[in-house]
2 protein chains.
Amino acid sequence: MSKNIGIKELAKIANVSIGTIDRVLHNRQGVSEKTRQRVLALIEQHDYKPNLLAKHLASRKQFSIAVLMPASEDNPVWQPYVQGIEKAARDMEKFSVTVDHLPFDQYDPQSFENAAEGASAYDALLMVPLFEKAAMRLKDNFARQGKSCLCFDTNLPEGDEHLFIGQHAFQAGRLCASLLNYTVPADRSLLLVNLGRKAGYHLNFWGRENGFNSFFKGKDAPQRKLIAYEGPIEQANHLEQGIAEILQKSPNIGGIYVPNSRVYWVAHILEQLQRTDLILLGFDLIPENKKYLKRGTIDFLINQHPENQAYRGVEWLMQRLVFGEKAEPGSTPIDVVMRENLEE
Amino acid sequence: MSKNIGIKELAKIANVSIGTIDRVLHNRQGVSEKTRQRVLALIEQHDYKPNLLAKHLASRKQFSIAVLMPASEDNPVWQPYVQGIEKAARDMEKFSVTVDHLPFDQYDPQSFENAAEGASAYDALLMVPLFEKAAMRLKDNFARQGKSCLCFDTNLPEGDEHLFIGQHAFQAGRLCASLLNYTVPADRSLLLVNLGRKAGYHLNFWGRENGFNSFFKGKDAPQRKLIAYEGPIEQANHLEQGIAEILQKSPNIGGIYVPNSRVYWVAHILEQLQRTDLILLGFDLIPENKKYLKRGTIDFLINQHPENQAYRGVEWLMQRLVFGEKAEPGSTPIDVVMRENLEE
DNA sequence: AGGCTATCTGTGGACGTACACGAAACACAA
DNA sequence: TTGTGTTTCGTGTACGTCCACAGATAGCCT
């Protein structure tokens with residue numbers, strides 16, 4: 001009904017011109033204290049909200065968003081993120097916002113630095129902070145310039161007021177523990193497989209690992225034997241041998257937890273060893289994992305909704321830039337996928 | 001860099017006035033076929049995208065969206081939907097879109113009809129089509145007037161090209177079956193509890209029930225004894241008695257599936273009977289259910305992300321109205337919630 | 001009072017699009 | 001040729017805001 005009041009009406013009521021109102025709104029100098037107060041009161045009183053569309057139109061600004069994220073060629077995990085970014089880029093175009101993907105090598109800190117360099121020219125930043133120190137620096141840089149910066153997929157440790165879109169890794173780990181605890185008989189033990197802890201083993205993996213372990217600690221936590229196996233990242237044949245050995249040595253193992261997307265390696269090995277009876281749980285709906293999920297070798301996968309995460313990240317930044325909003329980014333559900341709810 | 005081309009530049013290039021460009025863009029009559037083709041070619045060639053901010057500013061249109069949904073007082077299930085709608089209403093305001101909730105009584109078809117009556121004046125419709133025939137009529141009405149109509153939460157059966165945001169009930173049912181199949185030892189049977197099938201037992205419930213049953217049918221489906229219990233909806237004491245009896249008669253039952261939000265009734269009864277050892281699975285994160293989930297009486301809840309569903313529904317309609325887009329509404333993940341990933 | 005700052009305020013033209021109105025161009029019959 | 005009607009096109013104003021510039025007002029000095 002009562003359509004929002006505009007700068008013009010406001011001027012009429014205050015008996016000043018729109019120029020004055022404008023100056024007050026942007027608290028620029030050149031307006032007497034008396035009028036300023038009067039105008040401010042009226043703004044308050046009439047609950048004036050600037051028309052963001054008109055505002056943005058008049059101030060002919062073009063915004064740009066940088067997305068700092070590994071190249072999708074490195075790892076299929078990043079593929080859907082890229083898709084989300086691309087879709088967002090298309091959708092944001094209408095708000096005069098351009099989105100660029102600045103790829104880096106997820107195993108090479110220097111490449112991150114280089115990409116970060118390029119990001120400084122943008123108005124806002126969306127990044128996967130795989131390299132902690134460099135990411136922190138970059139974030140602080142943006143903060144200092146009053147520009148928004150949002151992390152996704154992986155969160156930085158000191159997350160006080162930190163802006164993040166993604167799964168809570170620790171919680172996800174706990175959920176996995178609970179799921180295995182439900183599905184594996186109580187007298188059997190669980191195996192945690194860490195693939196390639198040294199290289200590119202990023203914060204998310206730690207969180208998932210810690211969350212998993214935390215489930216079995218504490219006073220009335222379920223008693224369950226846990227075995228940890230630290231596998232190599234590169235040599236697949238070493239891994240096969242290692243897993244074969246550990247399964248032989250501990251025939252009591254009933255379930256395996258892989259806190260990252262490389263669970264398909266383990267799936268492959270289990271099929272080789274004809275041990276598909278074990279409950280296998282891992283992360284990410286990449287094609288290889290889906291394959292084994294369909295066959296039943298992998299039993300559960302935790303989905304992060306990557307396309308959605310990336311899209312929402314860009315959207316959130318756009319809303320800040322264009323509309324000046326500052327809502328909570330909101331978290332990503334920890335989505336359990338089984339053969340039965342695998343889409344497509 | 002190359003800032004988007006505008007209607008003005010386009011006019012200059014085409015050697016016509018902006019008026020003509022405008023007519024071509026809105027394919028209104030009054031422009032010769034020759035010029036139209038020329039302009040269209042240029043539009044294509046320069047990849048012209050109208051500036052939506054300006055567009056919306058100039059066309060002083062006010063859109064309205066009606067949301068046909070049960071009143072949240074009827075049932076806590078609807079509470080988060082209302083919140084989603086309200087948040088959407090706030091966010092859509094800047095696009096001059098108003099959103100009204102037209103509540104109806106989920107058990108009273110007549111109240112649905114009444115609400116539907118009121119909806120006809122709106123530009124678009126978002127509804128929970130609990131009453132099939134009336135909903136179909138309403139939907140067709142909107143379609144006939146070229147207005148958008150979107151269902152959420154519950155889908156209409158003939159969903160050929162039908163627009164829907166929400167969970168796939170059948171798939172959700174299958175997932176639940178699988179989950180119980182994993183967590184309940186193979187030699188124990190499962191109980192399916194239908195609460196109040198007659199009154200307000202809507203399509204979603206059927207889908208979840210059928211999906212569940214389908215899991216155990218087919219050639220290499222797991223063999224498992226299923227027991228179905230049809231409980232009364234109103235008399236809680238009857239229910240308690242009924243469940244107690246059936247548990248006594250079939251002591252082999254290892255898990256219970258309740259295909260709707262009333263799982264907390266069963267949880268309450270299980271606590272009374274001191275049978276919290278049973279795996280209990282149901283739907284919706286309403287406060288009562290959360291309570292029992294935290295305590296461990298309920299083991300799994302399927303979340304529908306209702307706020308999100310409602311919000312996305314409104315947003316989708318807004319995008320159609322304001323921006324004229326026609327993307328797929330996208331589906332809702334089937335989110336498994338356990339004690340460990342219950343938020344807050 | 002006239003002149004001169006310094007401070008305060010109003011005006012007008014953008015931004016890119018929508019739309020009403022009216023002008024021009026054309027066709028065709030008288 | 002003129003008149004009439006129809007099709008095709010251009011112009012002007014508006015949307016709500018930003019911003020540069022010009023205009024007004026007041027204070028003070030000579």
Side-chain angles (χ1 to χ4, degrees), chain A residues 2-40 42-43 46-63 92-98 321-324, chain B residues 2-40 42-43 46-63 93-97 123 321-325:
Chain A
S2 67
K3 52 175 304 183
N4 261 343
I5 197 171
I7 205 175
K8 233 179 213 162
E9 293 89 322
L10 217 48
K12 205 173 295 172
I13 302 173
N15 252 331
V16 292
S17 75
I18 60 168
T20 304
I21 304 284
D22 185 62
R23 274 179 287 268
V24 173
L25 283 174
H26 299 79
N27 42 277
R28 274 185 298 220
Q29 59 179 10
V31 42
S32 72
E33 195 49 35
K34 211 173 51 183
T35 353
R36 156 163 276 125
Q37 289 308 332
R38 189 156 43 98
V39 171
L40 281 175
L42 282 175
I43 286 176
H46 290 82
D47 188 34
Y48 165 78
K49 300 247 185 61
N51 182 323
L52 292 161
L53 301 176
K55 178 182 194 122
H56 186 252
L57 179 62
S59 81
R60 31 205 152 293
K61 271 185 211 132
Q62 295 269 101
F63 293 109
M92 298 308 120
E93 204 175 5
K94 43 174 169 298
F95 298 106
S96 315
V97 174
T98 57
L321 288 174
V322 178
F323 301 133
Chain B
S2 67
K3 53 175 303 185
N4 261 341
I5 199 171
I7 204 175
K8 233 180 213 161
E9 293 89 324
L10 218 48
K12 206 174 296 172
I13 301 174
N15 252 330
V16 291
S17 76
I18 60 168
T20 303
I21 304 283
D22 185 63
R23 275 180 286 266
V24 173
L25 283 173
H26 298 81
N27 43 279
R28 276 185 295 220
Q29 59 181 8
V31 42
S32 71
E33 196 50 33
K34 209 173 51 183
T35 353
R36 156 163 274 123
Q37 289 308 333
R38 187 155 46 98
V39 171
L40 280 176
L42 282 175
I43 287 176
H46 290 80
D47 189 35
Y48 166 78
K49 300 251 182 58
N51 181 324
L52 291 163
L53 302 176
K55 179 184 191 118
H56 189 252
L57 181 62
S59 84
R60 30 201 155 299
K61 271 186 207 135
Q62 296 270 101
F63 292 109
E93 202 176 4
K94 48 173 166 297
F95 299 106
S96 311
V97 173
D123 298 312
L321 288 173
V322 176
F323 301 136
E325 307 196 339

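Here is how names work: the chains are called A, B, and so on, in the same order as the sequence lines, proteins then strands, and each is numbered from 1. Because only heavy atoms are used, hydrogens play no part in the values below, and waters and symmetry mates are left out as well, while side chains stay in. Please read all numbers here as calculations on a predicted model, not as lab measurements.
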How would you list, by chain and number, every residue that makes a side-chain contact (heavy atoms from CB on, under 4.5 Å) with [X], sequence neighbours excluded?
X	answer
Ser32(A)	Lys34(A), Thr35(A)
Gln29(A)	none
Ala54(B)	Leu57(A), Asn51(B)
Glu93(B)	none

Is the phosphate of [N], meaning OP1 or OP2, less than 4.0 Å from a side-chain N or O of [X]?
X	N	result
Tyr48(A)	dT17(D)	yes
Ser17(B)	dG10(D)	yes
Lys8(B)	dT17(C)	no

Please state how far atom [atom1] in [X] lies from atom [atom2] in [N], giving the value in whole angstrom units.
X	N	atom1	atom2	answer
Asn15(B)	dT8(D)	CG	P	19 Å
Ile43(B)	dG16(C)	CD1	C1'	14 Å
Asn51(B)	dT17(D)	CG	P	16 Å

Separation between CG (Asn27(A)) and CZ (Arg36(A)), nearest 0.5 Å, reads 6.5 Å
What pairs of donor and acceptor atoms, side-chain ones from residues 10-21 of chain B against any protein atom, are under 3.5 angstrom apart with sequence neighbours left out?
{"from": "Ser17(B)", "atom 1": "OG", "to": "Gly19(B)", "atom 2": "N", "distance (Å)": "3.3"}

Per the end-axis method with five pairs at each terminus, what is the bend angle of the helix from dT9(C)-dA22(D) to dA30(C)-dT1(D), to 10°?
-> 70°
Nearest atoms (heavy-atom pairs only) where Asp123(B) meets Gln62(B) = OD2-O, 3.7 Å
In residues 19-38 of chain B, which ones come under 4.0 Å of DNA chain C, going by heavy atoms?
-> Asp22(B), His26(B), Arg28(B)
Contacts of Phe63(A) meeting ring pair (Phe, Tyr, Trp, His ring centres under 6.0 Å) (sequence neighbours excluded), chain-then-number -> His56(A)
